[in-house]
Structure formats: structure tokens, C-alpha cells
Amino acid sequence: MSDTCSHTNKIDDFKCTVASSEALSDRIGWLTVRCRVLAERILPGTCVMVFPSDSNDPLLGRPFAVADVDINKGELSVCYMVIGRGTEMILRMSPGSEVRLRGPFGVPLPSVGGKINIAAGGAGIATFLCFAKKYPEKTADIFLGIPGRGYEKYAARISELLPKVRIFTDDGIFGEGNSMFKVLPKGLGESERIWSCGPPGFLKALKKHYEDEPDKLYFSLDKRMACGYGGCMGCVVETVNGQKRICADQSLFRADEVTDYGN
Ligand SMILES: Cc1cc2nc3c(=O)[nH]c(=O)nc-3n(C[C@H](O)[C@H](O)[C@H](O)COP(=O)(O)OP(=O)(O)OC[C@H]3O[C@@H](n4cnc5c(N)ncnc54)[C@H](O)[C@@H]3O)c2cc1C
Ligand code: FES
């Protein structure tokens, strides 16, 4: 199929073609779109806004981390929790239909020298998928917590992309047990880090777990977004260094820099 992506205006909106839209559990969707120009611009940790409709209802795009890029096919994917109207509409998109994406936005994940461990809850792993795929040598252990039954397809997709992911399920039906907190490394080395993303309760529990070494723990936070380009101040996080915009200033926040755990 030809690449039907076209650049629609100067603020980096792209008309893309839906390659596939799948449910990987009753609450997790995976959308793959074809747009070579946009796919080639993605750096690990950057995001796109997916517009659920062309009719301006809903008006705002929904922000998601880019979970995967296939440069050969000119495709990119997002992985998302289905929680409201916008994500329900995205889940219903049909292959071959047109969808508008804006991006990429956000600050790419730093290409650090030390050892990175990843701890994610639910769809939070999406933020780190491109990084872990691109830099396997920099990524130490990857921990993912999910509910369990009904999430087998999702677990299989993540394991396919990140063969060394360690999966934990709340119900203990599959994976390595019911809590990653029993095995998360502590006493981290000087250049070792934990990068994390997930629901606020999960991030709070991580902060408690690492209360003796909060400088080693970093959060990727979700906030409500409108513009994606630093203009609306909608995505501000309060930090000890002042307000930071997720879309323009900072992608990762040290646990002891913030009291905000995102939305
Ligand atoms: C930079 C960034 C990257 C993100 N990446 C991902 C990702 O890779 N995968 C993923 O599943 N989600 C991600 N999110 C969250 C995602 O954008 C929201 O869940 C989504 O916009 C909700 O759209 P909706 O129309 O379905 O829900 P709405 O109908 O708008 O809202 C339904 C419920 O979801 C809550 N909600 C709305 N927006 C957010 C938000 N930004 N964060 C948390 N809760 C929200 C609302 O308070 C409400 O309770 C990201 C958010 C940001 C800011
Ligand atoms: S979304 Fe507008 S400033 Fe970040």
C-alpha cells in the first residue's frame, strides 16, 4: 500500500493511515499508523497526539508515548489504556481509515551512561519501549505490573518487543508473582537508575520503596495536555526547581524533585 501520509500544516500535524487497531485486553489498545515522515522523526520517549475524530468533537488530541517504530514499513504505534471517550474512539478506528496525528513532542529520554532499570505499571511501559529496544545494552532489568487474567495478549506483545521484560500480575495467574516490589533492586550503584511510569498509586509506592535513595528514582508523569508545544501551560508539573512543562521542558522527574504524581 502506498504511504498516504501528508504534512498538513506548519505545526506538525500529519494525516496518517491506520494500519491496525487492536485490543490487547479489555482496557488496553494498540494503534499502528502509517506515516513515514513522522515515524522517522520519533526519538525514544517522544510522544504524539492522536485526534480521535476529524469533526473537532472531541476537539483535543490525546497524548501518547510512541511505543514502537518500524522504519522499514514507515509505521509507528501507540499503546494506551482505554479510559474515556477519546480512547474508545481510537480503539474503534478501522484499518485503511485516515487519522490525524500531531508531533513528535516532549523531551526525548536522555541517552545516559549508567545502568537503567525500568519499572512500569499497565500501559506505562509504552514510554520506555523505544528506548529499551534501541539501547538494550543500557537497559538492565525491566519490570512490568499488570492485572493478570485477560492481559495475556498484552503481556505477549510486550515480551515480543522486550524479551527480557519481567512480568508481575496482581492475581498471580501468570508472570513471576504478584508484586515486583519483592524483587526490585535496592542499594543501587552510583550511576544506576530506576525509570518509572504508571498510575499515581504505583509511583507513590515506588517512592516509598526507594525512600532511602530517592535520587535514583525517576518518574515519567502524565498530565492533561492541550497544545503539546509549550504554549498553554496545561501540562505543568510543580518541582523544587519551579514549574516544568512535560511537553517542552522535561521528560523525567527525580522522585525527590516532585510531590506531583501526575493525573
Ligand atoms: C505526555 C503524555 C503521554 C501519555 N502517554 C500515554 C501512553 O503512552 N499510554 C496511555 O495509556 N496513556 C498515556 N497518556 C495518558 C492519555 O493521554 C490519557 O489517558 C488519554 O488522553 C485519555 O483520553 P480519553 O479521551 O480516553 O479520556 P477522557 O475522556 O479525556 O478522560 C477520561 C478519564 O481519564 C482521565 N485522564 C484524561 N487525560 C489524562 C491524562 N493525560 N493522564 C491520565 N489520566 C487522564 C480523566 O481525568 C478522566 O477521569 C499520556 C499522557 C501524557 C500527558
Ligand atoms: S500541553 Fe500546552 S504547554 Fe504543554
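The analysis underlying the following values was restricted to heavy atoms, covering all of them including side chains, and did not include hydrogens, waters or symmetry mates. The shown structure was predicted, so the numbers you read here are calculated from the model rather than taken from an experiment. In each ligand, atom 1 is the first atom listed, and ligand 1 is the first ligand listed.
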Any nitrogen or oxygen of C79 lying under 3.5 Å from a nitrogen or oxygen in ligand 1? Just yes or no.
yes

Run through the protein N/O/S atoms less than 2.8 Å from atom 2 (Fe) of ligand 2 and write them out by chain and number.
C227 SG, C232 SG

Pairing of R41 and D12 as salt bridge, 4.0 angstrom limit
yes

Can you find an N or O of A65 that's nearer than 3.5 Å to an N or O of ligand 1?
yes

Please list all pairs meeting ring-ring contact (aromatic ring centres under 6.0 Å, His included) that have one or both residues in residues 28-78, counting only residues at least two apart or in different chains.
F64-Y80

Looking only at distances, please establish whether an N/O atom of ligand 1 is found under 3.5 Å from an N/O atom of G86.
yes

So which heavy atom on G148 is nearest to which on D171, and how close?
CA-OD1, 3.4 Å

Does K244 form a side chain to side chain contact (heavy atoms under 4.5 Å, CB included) with V258? I'd like the steps, not just the answer.
CA-CA 10 Å; K244 302 287 177 189; V258 291; over 6 Å; no

Any nitrogen or oxygen of Y80 lying under 3.5 Å from a nitrogen or oxygen in ligand 1? Just yes or no.
no

Nearest heavy atom to atom 29 (O) of ligand 1, choosing from M89, E88, R224, R85, belongs to R85

Under-4.0 Å heavy-atom contact with ligand 1, by part of A126 that carries it:
side chain

Under 4.0 Å, heavy atoms only, figure out whether ligand 1 is touched by the backbone of M81, its side chain, both or neither.
both

Among D222, I83, V50, the residue with a heavy atom nearest to atom 45 (C) of ligand 1 is I83

Side-chain (E40) to main-chain (V37) donor-acceptor, under 3.5 angstrom
no

When rounded to the nearest 0.5 Å, the distance separating OH of Y210 from CG of D256 is 14.5 Å

Applying side-chain hydrogen bond (donor to acceptor under 3.5 Å, both in side chains) to S111 and not counting sequence neighbours gives K138

Taking only non-hydrogen atoms of A123 and a 4.0 Å limit, the atoms of ligand 1 in range are 11 (O)

P63 N/O under 3.5 Å from ligand 1 N/O
yes

Side chain, backbone, both or neither: which part of K223 comes within less than 4.0 Å of ligand 1 when only heavy atoms are counted?
backbone

Nearest heavy-atom neighbours spanning I28 and C79:
CG2-SG, 4.0 Å

Determine whether L76 and L101 satisfy the following criterion, side chain to side chain contact (heavy atoms under 4.5 Å, CB included), listing intermediate values before the conclusion.
CA-CA 11 Å; L76 61 144; L101 264 67; 4.1 Å; yes

Would the distance check show the side chain of K73 and the main-chain N or O of R36 forming a donor-acceptor pair, the cut-off being under 3.5 Å?
no

Sorted by first residue and then second, give each ring-ring contact (aromatic ring centres under 6.0 Å, His included) pair with at least one member in residues 101-121; sequence neighbours left out.
none

